[in-house]
S.K.: 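Please read through the structure below; I'll follow up with questions.
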Amino acid sequence: MKSRLREMAPLLVVLDVLAGRLRKAHEQRDRGDVSISTVIIWVAVIAVAGGIATIIGVTLYNKYSAQLTGL
């Protein structure tokens with residue numbers, strides 16, 4: 001049980017920091033305006049990064065699939 005708690009400690013720290021930021025943002029109601037174009041750009045950047053990662057993963061899998069299956 002102690003080792004599991006030790007493994008989860010970094011996650012608990014991150015969650016605590018995020019909860020603190022969320023509380024602070026909730027207290028400061030005036031956070032500004034995020035434009036729709038900024039959101040669209042970020043979604044596009046994330047989608048392109050995911051696409052590139054998928055292409056690299058599929059390419060590497062196809063290249064090394066024989067070694068991965070043990071043939």
Side-chain angles (χ1 to χ4, degrees):
M1 185 70 175
K2 282 187 178 182
S3 66
R4 186 158 182 108
L5 250 156
R6 194 175 302 137
E7 292 172 0
M8 292 180 62
L11 178 61
L12 294 173
V13 170
V14 169
L15 289 175
D16 186 46
V17 169
L18 289 176
R21 287 186 179 183
L22 186 61
R23 275 192 300 273
K24 186 176 178 182
H26 190 7
E27 291 170 359
Q28 299 175 349
R29 292 282 180 179
D30 186 18
R31 297 286 294 169
D33 186 29
V34 176
S35 66
I36 299 298
S37 60
T38 304
V39 172
I40 291 171
I41 290 170
W42 275 109
V43 169
V45 167
I46 293 169
V48 168
I52 291 171
T54 302
I55 290 170
I56 291 171
V58 168
T59 303
L60 289 175
Y61 178 79
N62 289 336
K63 184 175 181 179
Y64 296 108
S65 64
Q67 292 176 359
L68 290 171
T69 57
L71 298 176

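Predicted, not measured: the structure shown is a model, and the values here were computed from it.
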S.K.: For residues 42-62, which residue pairs qualify under side chain to side chain donor-acceptor pair (under 3.5 Å), counting only residues two or more places apart or in two chains?
M.R.: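 Matches after skipping sequence neighbours: none remain.
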S.K.: Applying side-chain contact (heavy atoms from CB on, under 4.5 Å) between L18 and each of D16, L22, V14, report the one that passes.
M.R.: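 Among D16, L22, V14, the one that satisfies the side-chain contact (heavy atoms from CB on, under 4.5 Å) with L18 is V14.
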S.K.: Is atom CD1 of I36 surrounded by more than 12 heavy atoms (other residues, nucleotides or ligands) closer than 6.0 Å?
M.R.: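 No.
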S.K.: How would you list, by chain and number, every residue that makes a side-chain contact (heavy atoms from CB on, under 4.5 Å) with I52, sequence neighbours excluded?
M.R.: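 Per chain and number, I52 pairs via side-chain contact (heavy atoms from CB on, under 4.5 Å) with V48, I56.
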